[in-house]
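What follows is a single structure, written as structure tokens, with notes after it.
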Protein chains: 2
Amino acid sequence: MLRSFVNVTFVVAITCLAPMRGDAEEPPIALKAMGSFHVGGRLMEVSGQPVREVTFAPGGVPARIDPNGKYQVEQMYVQYFIPQDERGAVPLLLWHGGGLSGVTYETTPDGREGWLNYFLRRGWAVYNSDAVERGRAGWTQYPSLFGEPVFLPVANPFERFRIGDGAGSYSDDPAKRRVNAGSQFPVEAYDNFPKQLSPRWLTTDDAITAAYVAEVDRVCPCAILVHSQGGLFGFKVAQARPDKVKALVAVEPAAFPDPSKAGTLKDIPVLLVYGDYIETDSRWPKMHQMGLDFAAKITAAGGKVDVIELPKLGIKGNSHMLMMDKNNLDVAALIQKWLGEKGLVR
Amino acid sequence: MLRSFVNVTFVVAITCLAPMRGDAEEPPIALKAMGSFHVGGRLMEVSGQPVREVTFAPGGVPARIDPNGKYQVEQMYVQYFIPQDERGAVPLLLWHGGGLSGVTYETTPDGREGWLNYFLRRGWAVYNSDAVERGRAGWTQYPSLFGEPVFLPVANPFERFRIGDGAGSYSDDPAKRRVNAGSQFPVEAYDNFPKQLSPRWLTTDDAITAAYVAEVDRVCPCAILVHSQGGLFGFKVAQARPDKVKALVAVEPAAFPDPSKAGTLKDIPVLLVYGDYIETDSRWPKMHQMGLDFAAKITAAGGKVDVIELPKLGIKGNSHMLMMDKNNLDVAALIQKWLGEKGLVR
């Protein structure tokens with residue numbers, strides 16, 4: 001097991017953590033531009049369905065809805081913010097994890113600034129997105145394009161994202177929830193977090209990847225920061241567009257493409273970031289090891305992967321949702337420092 | 001018919017249309033704060049369902065998903081932008097129409113600035129949102145909470161939103177689409193528009209209204225700008241919180257609450273805005289008349305309603321999606337002027 005990541009460099013210095021945390025203490029965000037677009041997707045044909053008369057609103061005028069014809073499917077949504085004083089050498093793309101959307105990187109469940117604002121304030125042109133079938137990407141399952149999605153009850157992320165200490169740790173009564181000792185997650189605001197959950201299909205990986213490739217073709221060269229399920233897409237898209245991806249930050253990647261082809265990533269600087277409580281979790285020891293093994297394949301091919309294990313730096317208590325944890329800006333500062341070391345901060 | 005809106009004042013002056021349209025010509029947007037939150041909603045209990053083992057990603061570690069328990073449902077998503085130099089007397093809330101999301105007010109399908117940026121540049125603190133079950137609000141239908149939604153094929157908005165000249169006007173071949181003569185809609189970019197469509201349930205009006213009330217309770221006093229289906233919610237919420245709503249701009253409202261109670265809106269300045277091609281549409285003559293009748297009920301109770309009929313001002317060619325039309329900022333300027341006349345611009 002150790003042998004598998006022998007070539008991986010561990011980042012051990014913590015320097016220059018961002019001291020500013022709230023709106024009040026921060027200077028204004030000056031934007032040259034902000035906006036959004038959809039990218040990717042295709043048209044899907046539906047035929048043989050009966051025409052319906054639909055009255056959309058009470059007392060409204062009925063509309064004839066012919067469900068036959070072409071449907072727009074599998075596009076994704078991108079919202080961008082371009083700072084007036086751009087200091088990232090390339091744009092920074094934020095890709096969220098499974099069952100979530102770009103809201104991941106916005107305001108934390110307890111109302112603090114998230115990583116979108118953090119990187120924007122440091123001069124990055126930030127592209128925050130909702131993957132195919134999530135959030136503002138829109139979705140369709142007519143006629144059952146992707147089958148049934150998985151819906152998550154509120155207990156699930158609490159127990160699975162290393163906020164609580166595993167199965168059975170959630171309770172409807174906040175006072176009775178078994179929180180991991182020393183957790184940095186804003187548990188007092190946990191109930192806000194499930195409000196951003198998104199139904200998750202298990203059949204959409206290829207469609208998601210294709211849309212991300214379309215985003216990269218439109219926006220990049222760039223740096224990409226991915227989380228959790230996003231690991232799969234980040235590595236796959238970097239393999240598909242190795243010349244366009246100047247750095248890949250994988251925050252607790254939970255999925256990876258074929259490790260036998262990991263070597264194709266050798267020219268892209270990669271950073272893996274892991275939080276706390278991994279050893280005591282039922283699933284994360286294996287997923288963590290998958291990440292280290294994947295990194296070792298890249299380094300074996302001559303590539304360079306850095307790994308930040310926060311507990312080894314004395315930074316304790318991080319859940320799977322590091323970008324929402326109370327020390328989220330400290331973690332972001334480590335990523336910012338690494339991006340600077342890769343020559344991507346002007 | 002005329003009698004029904006005899007007390008309604010028509011705005012007849014066009015002055016000071018905004019000359020600036022593109023990012024390049026505009027000064028930076030300086031934001032004191034930006035962020036997002038979810039508001040409203042409730043927990044729904046599910047029981048008696050079998051536990052599943054789910055492998056979320058190929059090669060991943062199976063997770064035990066117990067679908068029983070409480071689900072977060074019926075919340076809405078709000079994204080806010082607070083300008084450094086706030087010149088709106090109150091925040092401005094943007095509420096979208098049916099089958100859509102807050103993307104309505106962002107960049108237009110052909111890449112120009114939308115109303116979100118317009119009002120933000122004029123110093124309004126803007127709260128742009130996704131209603132219950134749309135976009136980043138998230139959604140659940142497990143176990144069929146709301147029944148089946150309506151999915152719209154790409155032809156539908158083209159024919160129904162007065163872009164094309166009615167049923168049969170859409171063609172897969174852009175060159176063969178029958179566009180309304182003189183249309184201001186960016187028809188060359190129409191194919192981008194259906195990418196922002198959202199499935200639409202017909203059973204969610206009460207849940208949507210409740211979440212909007214929760215937003216108003218959190219953010220207001222405010223001005224509210226609604227579109228299409230949003231008319232129903234704007235008027236209902238203003239009736240529920242008359243002291244909180246300082247102005248209501250209804251852009252082509254397509255639905256209204258009980259007209260017999262319209263008089264309760266008498267203390268709230270109301271503006272109705274209508275585009276072109278209404279007389280030749282199959283449904284809009286009635287919906288337009290419903291709006292004028294509703295306005296007449298408010299004025300009969302002593303209230304004040306202004307109506308902007310764009311063609312009567314010589315502004316021709318506007319579709320139902322005025323905020324995306326090529327003259328979208330000219331239309332926004334009329335709304336800005338009206339808000340100023342109501343004392344809401346500092």
Side-chain angles (χ1 to χ4, degrees), chain A residues 23 28-38 41 43 46 54 56-61 63-65 67 69-72 75 84 98 101 103 106-107 113 117 130 135-136 138-140 142 150-151 153-156 160 172 192 194-199 202 229 232 254-256 283 286-287, chain B residues 23 28-38 41 43 46 54 56-61 63 65 67 69-72 75 84 98 101 103 106-107 113 117 130 135-136 138-140 142 150-151 153-156 160 167 172 192 194-199 202 229 232 254-256 283 286-287:
Chain A
D23 292 340
I29 296 175
L31 300 176
K32 188 161 56 186
M34 58 178 259
S36 65
F37 57 86
H38 286 80
L43 295 174
V46 169
V54 175
F56 285 113
V61 183
R64 183 179 168 279
I65 302 293
K70 296 207 164 67
Y71 286 75
Q72 176 66 46
Q75 67 283 358
Q84 180 70 11
S101 73
V103 178
E106 297 179 346
T107 308
E113 290 205 318
N117 284 23
D130 298 347
R136 288 172 164 178
W139 59 278
T140 183
Y142 192 102
V150 176
F151 299 92
V154 295
N156 183 281
R160 192 159 57 88
D172 290 342
N192 286 330
K195 295 179 182 178
Q196 65 179 265
L197 290 177
S198 182
L202 304 178
Q229 182 199 24
L232 177 65
F256 304 87
R283 297 166 67 242
K286 185 178 169 195
M287 290 194 283
Chain B
D23 293 340
I29 297 174
L31 299 176
K32 187 160 56 185
M34 58 178 260
S36 66
F37 56 86
H38 286 81
L43 294 174
V46 169
V54 176
F56 285 113
V61 183
I65 302 293
K70 295 208 166 67
Y71 286 75
Q72 176 66 45
Q75 67 283 358
Q84 180 69 10
S101 72
V103 178
E106 298 179 346
T107 307
E113 290 205 317
N117 283 23
D130 298 348
R136 289 173 165 178
W139 58 278
T140 184
Y142 192 101
V150 176
F151 299 92
V154 295
N156 183 281
R160 192 159 58 88
D172 289 342
N192 286 330
K195 295 180 182 179
Q196 66 180 265
L197 291 177
S198 181
L202 304 177
Q229 181 199 24
L232 177 66
F256 304 87
R283 299 164 67 240
K286 185 177 169 195
M287 290 194 283

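Within every chain, numbering begins at 1; the chains are lettered A, B, ... in the order of the sequence lines, protein sequences first and strands thereafter.
- The part of Leu202(B) that comes within reach of chain A is its side chain, from C-beta onward, which places non-hydrogen atoms under 4.5 angstrom from that chain.
- Both the backbone and the side chain of Ser36(B) have a heavy atom closer than 4.5 Å to some heavy atom of chain A.
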Worked verdict on His38(B) versus Asn192(A) for side chain to side chain contact (heavy atoms under 4.5 Å, CB included)
CA-CA 7 Å; His38(B) 286 81; Asn192(A) 286 330; over 6 Å; no
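- By the 4.5 Å heavy-atom criterion applied to side chains, Lys195(A) and Arg136(B) are not counted as neighbours.
- Contacts between Phe56(B) and chain A at a heavy-atom distance below 4.5 Å involve backbone atoms as well as side-chain atoms.
- The backbone N or O of Val61(A) lies less than 3.5 Å from a partner atom in the side chain of Arg283(B), making a donor-acceptor pair.
- Among Ala30(B), Gly41(B), Gly138(B), the residue making the largest number of heavy-atom pairs under 4.5 Å with chain A is Ala30(B).
- Contacts between Val154(B) and chain A at a heavy-atom distance below 4.5 Å involve backbone atoms as well as side-chain atoms.
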Could you check Asn117(A) against Met34(B) for side chain to side chain contact (heavy atoms under 4.5 Å, CB included), going step by step and ending with a plain yes or no?
CA-CA 8 Å; Asn117(A) 284 23; Met34(B) 58 178 260; 3.6 Å; yes
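- For Arg160(B), the part sitting under 4.5 Å from any heavy atom of chain A is the side chain, from C-beta outward, and nothing else.
- Residues Asp172(B) and Lys70(A) approach most closely at OD2-NZ, 2.6 Å, considering heavy atoms.
- Gln75(B) touches chain A through its side chain: at least one heavy atom from C-beta onward sits under 4.5 Å away, while N, CA, C and O do not.
- Heavy-atom pairs under 4.5 Å with chain B were tallied for Arg64(A), Met287(A), Gln229(A), Glu106(A); the largest tally goes to Glu106(A).
- Residue contact with chain B, scored on non-hydrogen atoms closer than 4.5 Å, involves the backbone of Leu197(A) exclusively.
- Note on Thr107(A), Val150(A), Asn156(A): by heavy-atom pairs under 4.5 Å with chain B, the leading option is Thr107(A).
- Rounding to the nearest 0.5 angstrom, the gap separating the CD atom in Gln196(A) from the CD atom in Gln72(B) is 11.0 Å.
- Aromatic ring orientation, Trp139(A) versus Phe151(B): perpendicular (interplanar angle above 60°, classes split at 30° and 60°).
- Looking at every heavy atom in both residues, Ala57(B) comes nearest to Ala255(A) through CB-CB, 3.2 Å.
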